[in-house]
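Here is the structure we will look at, set down as structure tokens.
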Amino acid sequence: MSEFAYNFIHSLRMREKAYFKRYAQLQSNSAKKNYLRLYEALEQQEYYDKNQLLKRFEGEPLSRHFSSEANYLAEQLLNSLTNFHFETSNSRKLIKLILQIDLLTERGFRKKAQKVLNKAKKMADKFEEFSIKLKLIQLEEELLFKHGILHFTQQLQVLQEERSQITQKIQNLNELRLLREQIRELQFSAGFVRQPEQFPHLFANPILDEEQHALSLNAKENWHYIQCLRHYLLLDFRAAKMANHTYFLFFKQHASFFKQKKLLPVLSNLLYFSALDKDQELFAVALSELQQLETEKEVDQHYVKYIKYARILELYYQTNDSTNTRVILTEAQPFTKNHHHELGGTERDYLVRLIIRAHIQAQQWEEAQDWINFWYKVKEANHAINILKLFSLIIYCELDYRHLLASERISSTKLLQKLKQYGPLEKQFLQFFKKWNKIPTAELGDQLILLEELIADLEDLEVQNIQQMPLVFFNFKAWATQKRDRIEQQLHRKS
């Protein structure tokens with residue numbers, strides 16, 4: 001328990017620590033209570049060391065009752081934190097009102113209890129605290145029964161109808177939450193969807209036909225999110241952008257209901273879909289909204305900057321704006337290196353991939369390789385590793401590192417097959433680089449023929465409507481075409 005107390009203390013913010021000290025002084029006149037001395041000792045430790053604590057209090061009663069004092073300290077810390085946060089969220093304020101109603105009812109103040117209860121019900125309705133609303137309905141029923149008021153059956157019927165409506169809203173919200181998670185899982189497992197009829201619960205579900213089928217604001221928020229992702233998974237980026245713009249306007253309309261930090265993912269997707277659709281006008285509107293959040297204290301500023309750099313890099317890639325790409329890289333690269341620990345693994349991985357892609361697009365092969373090395377140092381999972389492996393092969397090919405290209409091709413084949421990320425695109429490229437390594441560097445004509453074959457194979461993938469994440473993330477055909485054009489220029493100069 002003392003280790004828990006240590007971790008608890010070091011999780012507290014400065015205001016929470018200050019409140020605990022005031023709270024502890026109110027509980028006792030003695031500032032030298034053992035649990036307070038233990039608190040001070042734990043707060044001073046840079047890392048938890050029980051032996052050091054026991055040595056510090058050796059020969060004192062505290063060392064003999066160390067476990068019980070640690071338990072009591074943890075209990076007081078939790079009581080203090082509970083009191084401190086009673087007013088910091090709507091649900092906690094409602095719980096406090098429930099305690100008041102319970103105490104008033106217990107002491108026979110029925111009218112006052114009913115008045116507080118009515119206030120709490122209005123608040124629960126306003127903020128869609130449905131589970132607490134059910135508890136309040138139960139309390140109101142108990143008030144009626146406990147005080148034996150005559151002719152209250154009609155009131156009970158009203159409460160029964162309220163309970164039915166709330167239960168329906170809870171079920172509706174839970175259904176949409178489940179669908180949201182299912183479509184997110186589909187996004188990460190399948191990437192994109194070629195046959196939506198295989199997923200009728202997501203693409204032919206009546207609840208997703210009209211917004212009115214969502215019975216609360218929280219339910220509508222989930223409904224809008226699902227609409228955006230459905231269009232995205234079908235590779236209809238314009239429809240995804242339009243759906244996300246509607247989603248954004250919904251948030252703005254109900255800004256007082258949703259916390260500002262919940263707006264961040266909405267803006268992030270609006271920027272992303274606008275970039276994919278090359279809609280620079282809507283992108284500028286969304287970026288302006290994002291920049292307004294850069295001064296908000298309750299918003300994670302590292303996440304704001306991640307969104308800003310990631311989406312701007314995407315826009316410049318889609319519009320082939322190499323000049324502005326170089327400019328934004330001067331901000332995005334130091335941010336990524338200096339603050340990658342503050343980003344989630346997925347965000348860090350994605351931002352690094354964007355930076356690598358930008359250097360490949362600019363034909364800055366050594367810089368791209370440096371960032372691949374950085375990615376290997378900080379990576380947490382193998383998500384989208386197929387893209388990184390293809391990038392590595394392209395870079396080794398461009399730098400003419402033939403030995404590294406050969407070993408990377410062999411290891412990549414084994415890894416991608418093991419991870420089940422060995423699709424048509426990966427197969428084509430790995431076979432291409434196997435043949436490429438057999439052609440001498442000076443044989444430009446043979447290299448040209450091989451690149452023409454690769455371009456034709458990539459065009460076949462387009463005809464077959466092969467929908468893989470790497471093909472959306474990076475224009476492999478454009479790279480092969482540029483490589484071919486550069487070799488043609490070399491041949492022309494030689495001739």
Side-chain angles (χ1 to χ4, degrees), residues 317-318 320 322 325 353-373 375-376 384-495:
Y317 178 76
Q318 296 297 332
N320 200 27
S322 57
T325 296
R353 276 190 283 126
L354 289 170
I355 292 171
I356 296 168
R357 184 182 69 178
H359 285 300
I360 290 176
Q361 186 183 28
Q363 299 180 25
Q364 297 170 335
W365 312 115
E366 292 181 353
E367 290 87 344
Q369 183 58 49
D370 288 341
W371 277 96
I372 284 182
N373 294 336
W375 180 82
Y376 276 111
I385 197 170
N386 52 344
I387 296 174
L388 269 297
K389 288 297 181 181
L390 293 176
F391 279 175
S392 287
L393 292 166
I394 287 172
I395 293 165
Y396 290 150
C397 173
E398 292 286 2
L399 293 171
D400 202 27
Y401 292 167
R402 290 178 170 259
H403 178 70
L404 290 174
L405 180 60
S407 60
E408 182 72 6
R409 181 189 62 78
I410 294 170
S411 63
S412 295
T413 302
K414 293 178 180 178
L415 178 63
L416 295 180
Q417 287 175 339
K418 179 182 177 182
L419 297 175
K420 298 181 179 179
Q421 295 186 30
Y422 191 70
L425 174 70
E426 291 81 8
K427 184 177 181 181
Q428 283 185 0
F429 261 86
L430 288 163
Q431 290 176 347
F432 165 79
F433 286 117
K434 182 178 181 180
K435 296 175 184 177
W436 181 272
N437 240 15
K438 294 179 180 179
I439 301 173
T441 303
E443 297 295 333
L444 298 179
D446 291 342
Q447 292 179 357
L448 195 61
I449 293 171
L450 191 57
L451 281 164
E452 292 285 7
E453 291 176 358
L454 176 62
I455 293 168
D457 290 338
L458 291 171
E459 288 173 347
D460 285 342
L461 290 184
E462 293 177 0
V463 172
Q464 297 170 41
N465 196 27
I466 299 296
Q467 297 172 354
Q468 283 186 259
M469 179 63 74
L471 286 167
V472 174
F473 183 77
F474 182 74
N475 193 335
F476 289 93
K477 181 183 170 184
W479 169 77
T481 302
Q482 291 167 6
K483 181 74 171 172
R484 179 200 63 189
D485 293 345
R486 279 182 272 133
I487 291 176
E488 284 182 340
Q489 290 172 7
Q490 286 181 270
L491 283 169
H492 181 71
R493 286 194 294 269
K494 283 189 175 183
S495 62

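In terms of heavy atoms, Leu444 sits closest to Ile487 at O-CG2, 3.6 Å. Between Arg357 and Phe474, the shortest heavy-atom distance links the atoms CG-CD1, 3.6 Å. Across all non-hydrogen atoms, the minimal contact from Pro440 to Arg402 is C-NH2, 3.8 Å. The minimum heavy-atom distance linking Thr325 with Ala358 is given by the pair CG2-CB, 3.8 Å.
Under the 4.5 Å side-chain criterion, counting only non-hydrogen atoms from C-beta, Asp457 is not in contact with Phe429. Contact annotation: the side chain of Lys434 never approaches that of Thr413 to less than 4.5 Å [non-hydrogen atoms, C-beta and beyond]. For the pair Leu471/Lys477, no side-chain contact is recorded, criterion being any heavy-atom separation below 4.5 Å from C-beta on. With a 4.5 Å cut-off on side-chain heavy atoms, Arg409 and Asn437 do not count as touching.
Atom CG of Leu461 sits about 10.0 Å away from atom CD of Glu459, to the nearest 0.5 Å. Glu453 CD to Leu448 CG: the interatomic distance, rounded to the nearest 0.5 Å, is 10.5 Å. Taking CD1 of Ile439 as the start and CG of Leu450 as the end, the distance is 4.5 Å to the nearest 0.5 Å. Separating the CG atom in Leu451 from the CD atom in Gln482 is a distance of 11.5 Å, to the nearest 0.5 Å. Rounding to the nearest 0.5 Å gives a distance of 5.0 Å between CG of Asn320 and CD of Gln361. Of the inter-residue distances, the one linking Asp400 atom CG with Trp436 atom CH2 reads 8.5 Å to the nearest 0.5 angstrom.
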In sequence, state the C-alpha distance, the side-chain angles, and the governing distance for Asn475 and Thr481, and then conclude on side-chain contact (heavy atoms from CB on, under 4.5 Å).
CA-CA 10 Å; Asn475 193 335; Thr481 302; over 6 Å; no

Give the intermediate values and the outcome of side-chain contact (heavy atoms from CB on, under 4.5 Å) for residues Lys389 and Asn386.
CA-CA 5 Å; Lys389 288 297 181 181; Asn386 52 344; 5.7 Å; no

Under the side-chain contact (heavy atoms from CB on, under 4.5 Å) rule, what do Phe473 and Leu354 come out as? Steps first, then yes or no, please.
CA-CA 9 Å; Phe473 183 77; Leu354 289 170; 3.8 Å; yes

List the steps, then state whether side-chain contact (heavy atoms from CB on, under 4.5 Å) holds for Gln421 with Leu415.
CA-CA 8 Å; Gln421 295 186 30; Leu415 178 63; over 6 Å; no

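Counted by atom type alone, Trp371 and Gln364 present zero donor-acceptor pairs between their side chains at under 3.5 Å. Looking only at atom types and distance, the side chain of Gln369 has a donor-acceptor partner in the side chain of Asn373 under 3.5 Å away.
Results of the side-chain contact (heavy atoms from CB on, under 4.5 Å) test with Ser392 over Leu404, Leu405, Ile387, Ile372 single out Ile372 as the only residue that passes. Results of the side-chain contact (heavy atoms from CB on, under 4.5 Å) test with Leu454 over Phe476, Phe432, Phe433 single out Phe432 as the only residue that passes.
Sequence neighbours left out, not one pair with a member in residues 410-430 passes salt bridge (Lys or Arg N to Asp or Glu O under 4.0 Å).
Remark: side-chain polar atoms of Glu398 are not paired, donor with acceptor, to backbone N or O of Trp365 under 3.5 angstrom.
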